[in-house]
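Okay, structure first, notes after.
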Amino acid sequence: MSHAALSLRLFALYLGANGLILLLMPNLLLGLLGLAPTGEPWIRVLGIIVFNLGLYYHAGADGVAFQRITVVTRVIVLAGFTGLVLAGLAPGLLVLFGLVDFTGAIWTALAMRRDRAVSQNASP
């Protein structure tokens, strides 16, 4: 398994865990963010989507094109979450979740560079 694929498979576990928490115990996560508890179904719907996103990350982990786009989209997550906080629409703690995505993006980008270097050195 490549280093980049490993980074994405571990991120898939993170997404899967967050998806299950949102589905089964959404108010636990909302409380950590300082948000009011909810009984609305949409938070659980989001949990299913996040869980499924984790499955996509796991399934696509070996694809270089998928690896590249995840780096871009996880940077966008940090930018979007930061924008929501700066606009006063979300609590500041949300930026920490964006930083997890950003850190994962950097890890994947560096792992892709390492995989490329190993591949080039192995070529005849």
Side-chain angles (χ1 to χ4, degrees):
M1 173 182 336
S2 72
H3 296 95
L6 174 63
S7 76
L8 292 182
R9 290 212 165 92
L10 290 175
F11 197 74
L13 290 174
Y14 165 77
L15 289 171
N18 277 318
L20 287 175
I21 290 169
L22 287 169
L23 176 63
L24 302 173
M25 303 174 288
N27 290 323
L28 173 68
L29 188 55
L30 292 175
L32 290 173
L33 288 170
L35 296 171
T38 185
E40 291 288 325
W42 301 110
I43 195 77
R44 293 176 193 273
V45 170
L46 179 62
I48 294 168
I49 292 168
V50 170
F51 182 84
N52 286 343
L53 188 59
L55 294 176
Y56 292 142
Y57 267 71
H58 180 75
D62 292 311
V64 174
F66 185 79
Q67 293 168 358
R68 283 188 191 123
I69 197 63
T70 69
V71 170
V72 173
T73 58
R74 290 183 285 168
V75 171
I76 291 170
V77 167
L78 175 60
F81 286 4
T82 301
L84 290 171
V85 170
L86 291 175
L89 299 171
L93 195 56
L94 188 62
V95 172
L96 290 178
F97 282 87
L99 287 171
V100 171
D101 281 64
F102 182 77
T103 301
I106 297 302
W107 179 20
T108 301
L110 293 174
M112 289 176 68
R113 182 180 296 168
R114 181 177 180 192
D115 292 340
R116 202 168 33 251
V118 168
S119 175
Q120 289 172 352
N121 288 336
S123 298

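If you read the sequence from its start, that first residue is 1, and numbering goes on from there.
Transitive grouping of hydrophobic side chains (ILVMFWY, heavy atoms separated by less than 4.5 Å) keeps Leu10 and Ile21 in distinct clusters. Linking ILVMFWY residues whenever their side-chain heavy atoms come closer than 4.5 Å, directly or via other members, leaves Phe66 and Ile49 in distinct clusters. The cluster map of Ile, Leu, Val, Met, Phe, Trp and Tyr, joined by side-chain heavy atoms under 4.5 Å apart, puts Leu20 and Leu55 in the same cluster. Using a 4.5 Å cut-off between side-chain heavy atoms of Ile, Leu, Val, Met, Phe, Trp and Tyr, with links allowed through other members, Phe11 and Val71 fall into different hydrophobic clusters. Cluster membership for Val77 and Tyr57, using ILVMFWY side-chain heavy atoms within less than 4.5 angstrom, is shared.
In this structure, Arg68 and Val64 have side chains that are in contact, with non-hydrogen atoms separated by less than 4.5 Å. Residues Ser2 and Asp115 meet the side-chain proximity criterion, which asks for heavy atoms closer than 4.5 Å.
Taking all atoms of both residues into account, the shortest heavy-atom contact from Gln67 to Ala5 is NE2-N, 3.8 Å. The shortest heavy-atom contact between Arg44 and Leu24 is NH1-O, 3.7 Å.
Remark: of the listed residues Leu28, Ile48, Leu46, Leu46 is the sole one forming a side-chain contact (heavy atoms from CB on, under 4.5 Å) with Leu22.
With sequence neighbours left out, Tyr56 forms a ring pair (Phe, Tyr, Trp, His ring centres under 6.0 Å) with no residue at all.
Between the side chain of Thr73 and the main chain of Thr70, a donor-acceptor pair closer than 3.5 Å is present. For the pair Asn27 (side chain) and Thr38 (backbone), a donor-acceptor distance under 3.5 Å is present.
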Name each donor-acceptor pair under 3.5 Å that joins a side chain in residues 83-112 to protein atoms two or more places apart or in another chain, with its distance.
residue : atom : partner : partner atom : Å
Thr103  : OG1  : Leu99   : O            : 2.8
Thr108  : OG1  : Ser7    : OG           : 2.7
Thr108  : OG1  : Arg74   : NH2          : 2.7
Thr108  : OG1  : Gly104  : O            : 3.0

